[in-house]
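For reference, the structure is listed below as structure tokens.
These numbers were taken from a predicted model, which means no experiment stands behind them. Letters A, B, ... are given to chains in the order of the sequence lines, protein chains preceding strands, and every chain is numbered from 1. Basis for what follows: all heavy atoms, side chains included, without hydrogens, waters or symmetry-related copies.
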Amino acid sequence: MSAGGGPRPRVLVLDYGSGNLRSAQRALARVGADVTVSDDLDAARDADGLVVPGVGAYAACMAGIDGLGAAPVVRARLAAGRPVLGICVGMQVLYERGDEHGVRTAGIGALPGEVRRLAAPILPHMGWNTVRPPAGSVLFAGLPADTRFYFVHSYAAKADPDAGDTIGEHGEPFAAAVERGALAATQFHPEKSGDAGAHLLTNWLATLA
Amino acid sequence: MTVAVRVIPCLDVDGGRVVKGVNFTDLRDAGDPVEMARLYDAEGADELTFLDITASSGDRETTYDIVRRTAEQVFIPLTVGGGVRSTDDVNRLLRAGADKVGINTAAVARPELVRECAHRFGNQCIVISIDARRCPDPTGPRFEVTTHGGRRGTGIDAVAWAAQVVELGSGEILLNSMDADGTRDGYDLEMISAVRAEVDVPVIASGGAGELGHFPPAVGAGADAVLAASVFHFGQLRIGEVKSALRAEGVPVR
């Protein structure tokens, strides 16, 4: 799969000390992006697309992002209509705050609402699950309704169906993906979701100017 | 929307080579873990597990290289276990491209290691592997934790141990029945049920898979994922067949 015949879109995967970035880098390169993994904020401002990854604890991820001073860059990009893709905890930190074991941590605040522990008998929600995207979704265009994506998380934000959020369910409904202007985010890991994930990343790359 | 039961092939890797295994006609080198990983991915495996049985710690570099090469070519989750002793070992495997790391003997020797790893890397990437057997001592627990590949009993109650490691931060339990392992007589269903009843994290059933009919009962006993090694290596069962067998019993699969 490739993003088309034009110049390869320049994507920066933000390196703020969170886990395994190699997979995101390789998965994006596989579908035709020119990918850099970097903590350089100027490069993060200039890239055609910015990916905010994230695994582990909300507070630890925000500490990494704040340590780098990256939150204003993310907000500035979105204000200017420049694409940002959050993945897993990288999606969660786009909300106003996270609540883990009663500890509240301020997020980047690009999305309204709070990330909370799912009410489910078995956590983490780990494995391949289906999602319900809205009609006209760009990220999920061309993917069959029963497509499964790989999730690993215990926390999530509430879906806002009026805003066109994609709904997932594990114990309760949650926001599996959001698409709001330049902001895209997935609670699942497209970089670990095989061909379905590659298809979604191709769709995202096609939105980059 | 129900999360699918995962079917996980496990590769035993020694010094960078797959241990045992059949020469699949569509592979150039069935001894290459990366090639095998690609084959299993193409066949629909939901995750991959590498169990590093390399005896010499000097050969560990080879393992990191295998993990790196696999992560570059396979876009499904990869768990690596075997010989993991410290948070630094976990860090190196994650940085090489592993998504989850399995810890076994080192956790039994020092349970705090589980908490340290979960705190540093998140519980979602810490899998505690439990090699358990039915306890030969009638005064002991029903299921007992073993170490050293099942050769040494510890007297530790496997069900209580599972609950303890979850409390310490393990995000998943890989439950391997040492009695069933290698027998191909089926999973130890009572052991799965006993652990399932005590923990609220995913449980991977391991040990004993020999035929298609063995998989649905493991799920019925409470497994969230089913792992097998030899039946896949020897080409006796294919991933797709296992999924069809599960689907026929109403189990959601990818």
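- When each of B:Val203, B:Asp46, B:Asp224 is scored by its heavy-atom pairs under 4.5 Å with chain A, the top score falls to B:Asp46.
- For the pair B:Val3 and A:Asn129, the tightest heavy-atom approach, listed with the atom from each and the gap, is N-ND2, 3.3 Å.
- Between B:Leu94 atom CG and A:Leu21 atom CG the span is 11.0 Å, to the nearest 0.5 Å.
- Contacts of A:Glu191 with chain B are made by backbone atoms alone, with heavy-atom separations under 4.5 Å and no side-chain atom involved.
- With a 4.5 angstrom heavy-atom cutoff, B:Gln73 does not touch chain A via any of its atoms.
- There is no contact between A:Ala60 and chain B, counting heavy-atom distances below 4.5 Å.
- When the candidates B:Val5, B:Val253, B:Asp99 are compared by the number of heavy-atom contacts under 4.5 Å with chain A, B:Asp99 comes out ahead.
- With respect to B:Arg254, the side chain to side chain contact (heavy atoms under 4.5 Å, CB included) criterion is satisfied by exactly one of A:Trp128, A:Tyr150, A:Phe149: A:Trp128.
- Using a 4.5 Å cut-off between heavy atoms, A:His125 touches chain B through its side chain atoms alone.
- The CZ atom of B:Arg68 lies 13.0 Å from the CZ atom of A:Arg26; values are rounded to the nearest 0.5 Å.
- Distance CD/A:Gln25 to CD/B:Glu72: 8.5 Å, rounded to 0.5 Å.
- The most heavy-atom pairs under 4.5 Å with chain A, out of B:Gly97, B:Ala4, B:Gly122, B:Pro77, come from B:Pro77.
- Both the backbone and the side chain of A:Thr130 come within contact range of chain B, judged by heavy atoms closer than 4.5 Å.
- Top candidate by heavy-atom pairs under 4.5 Å with chain A, chosen from B:Asn123, B:Asn91, B:Leu78, B:Val201, is B:Val201.
- Only the backbone of A:Val131 comes within contact range of chain B, with at least one heavy atom under 4.5 Å from a heavy atom of that chain.
- Once rounded to the nearest 0.5 Å, the distance linking CE of A:Met126 with CD of B:Gln124 reads 7.5 Å.
- Note that NE2 of A:His170 is 13.0 Å distant from CE of B:Met1, once rounded to the nearest 0.5 Å.
- Of the atoms belonging to B:Asp41, not a single heavy atom falls under 4.5 Å from chain A.
- For B:Val74, the part lying near chain A is the backbone, with the side chain staying farther off; criterion is any non-hydrogen pair under 4.5 Å.
- Interface check for chain B: of the options A:Gly197, A:Ser23, A:Gly56, the most heavy-atom pairs under 4.5 Å are formed by A:Gly56.
- Looking at B:Ala225, there are no atoms closer than 4.5 Å to chain A (heavy atoms on both sides), in backbone or side chain.
- Around the CZ atom of A:Arg116, the shell of radius 6.0 Å holds no more than 12 heavy atoms that belong to other residues, nucleotides or ligands.
- Within the 4.5 angstrom heavy-atom criterion, no atom of B:Ala118 approaches chain A.
- B:Pro202 and A:Pro124 make their closest contact through CG-O, 3.6 Å (heavy atoms, listed as atom of the first residue, atom of the second, distance).
- When heavy atoms are compared at a cutoff of 4.5 Å, B:Arg6 approaches chain A solely by way of its side chain, counted from C-beta outward.
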